[in-house]
Trainee: 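Questions regarding the structure given below will be posed in turn.
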Amino acid sequence: MKFFIDTANLDQIREAEALGILDGVTTNPSLMAKEGITGYDNIMNHYKTICEIVEGDISAEVIATDFEGMVREGEALAALHPQIVIKLPMIAEGIKACKYFSEKGIKTNVTLVFSAGQALLAAKAGATYVSPFLGRLDDVSTDGLGLIEEIRLIYDNYGYETEILAASIRHTMHIIDCAKIGADVITSPLSSIMGLLNHPLTDIGLAKFLADYKKGNQ
Ligand code: G3P
């Protein structure tokens, strides 16, 4: 399973990259705004900086909601760096743009996916990645992991190559459950990735090893 980090924060991206387990980055307009990245040139430069830090797919989202606008923005983003993946919203115009980019061999990530039907359309349009938002479904008392399972089943039934990129991850168990289901990728905040490291028995065991070494080597 690939690990992407879901942030535009450069320090967090560097920290995850330093761990040696990072396969890519996803961003969205909310995450860019959270870091205070505003204005066309700053946003484009920020994407380039992320591409220089991480070797892997970097999702950059279009703002336009019409086909022509998405194509214009997507082409400018794709020209920035070969690692850029065009992130398109799950609306009719986004599906048309997904088909357009997939025919040109440009990678896409269809985002804001909340149903199996939407995921099926994204695969039909040749999306490289589909992003079901599991945490936001859980927030409204709907089974987010159940959606990932449904999409896995549908994609496997027909051999769709679109990768399931589980998004809106809120905690470490989401990551583990996605791995059990067979999600191809998770995109997660740094805290949930780092949370996978923790176990009190590891800490207790290490403290004992070090104490025993000290006793025997005084
Ligand atoms: O990248 C989009 C997605 O991961 C959003 O997560 O936490 O805002 O629901 P969240």
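In listed order, ligands and their atoms are each counted from 1.
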Trainee: Between E93 and K96, is there a side-chain N and carboxylate O pair less than 4.0 Å apart?
Mentor: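 So E93 pairs with K96 through a salt bridge.
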Trainee: Please determine whether a side-chain nitrogen of the Lys or Arg among K107 and D57 lies less than 4.0 Å from a carboxylate oxygen of the Asp or Glu.
Mentor: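 Yes.
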Trainee: Remaining members of F4's ILVMFWY cluster at a side-chain heavy-atom cut-off under 4.5 Å?
Mentor: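 Via sub-4.5 Å side-chain contacts, F4 links to V85, Y129, L165, V185.
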Trainee: One line per pair, note the atom names and distance for all nitrogen or oxygen contacts under 3.5 Å between ligand 1 and the protein.
Mentor:
unit_1   : atom_1 : unit_2 : atom_2 : d
ligand 1 : 1 (O)  : D6     : OD1    : 2.8
ligand 1 : 1 (O)  : D6     : OD2    : 3.2
ligand 1 : 1 (O)  : N28    : ND2    : 3.4
ligand 1 : 1 (O)  : K87    : NZ     : 3.4
ligand 1 : 4 (O)  : D6     : OD2    : 2.5
ligand 1 : 4 (O)  : S168   : N      : 2.8
ligand 1 : 7 (O)  : R170   : NE     : 3.4
ligand 1 : 7 (O)  : R170   : NH2    : 3.3
ligand 1 : 8 (O)  : R136   : NH2    : 2.8
ligand 1 : 9 (O)  : R136   : NE     : 2.7
ligand 1 : 9 (O)  : S168   : OG     : 2.7
ligand 1 : 9 (O)  : R170   : NH2    : 2.6

Trainee: Not counting sequence neighbours, which residues clear side-chain contact (heavy atoms from CB on, under 4.5 Å) with S168? List them please.
Mentor: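 Listed in chain order: F133, R136, R170.
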Trainee: With under 30° as parallel and over 60° as perpendicular, where do the rings of Y158 and Y160 fit, or are they tilted in between?
Mentor: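 Tilted, since the angle between the ring planes falls between 30° and 60°.
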Trainee: Taking only residues two or more places apart in sequence, or in another chain, which ones meet Q12 in a side-chain contact (heavy atoms from CB on, under 4.5 Å)?
Mentor: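 By the side-chain contact (heavy atoms from CB on, under 4.5 Å) rule, Q12 matches I5, T7, N9, L190.
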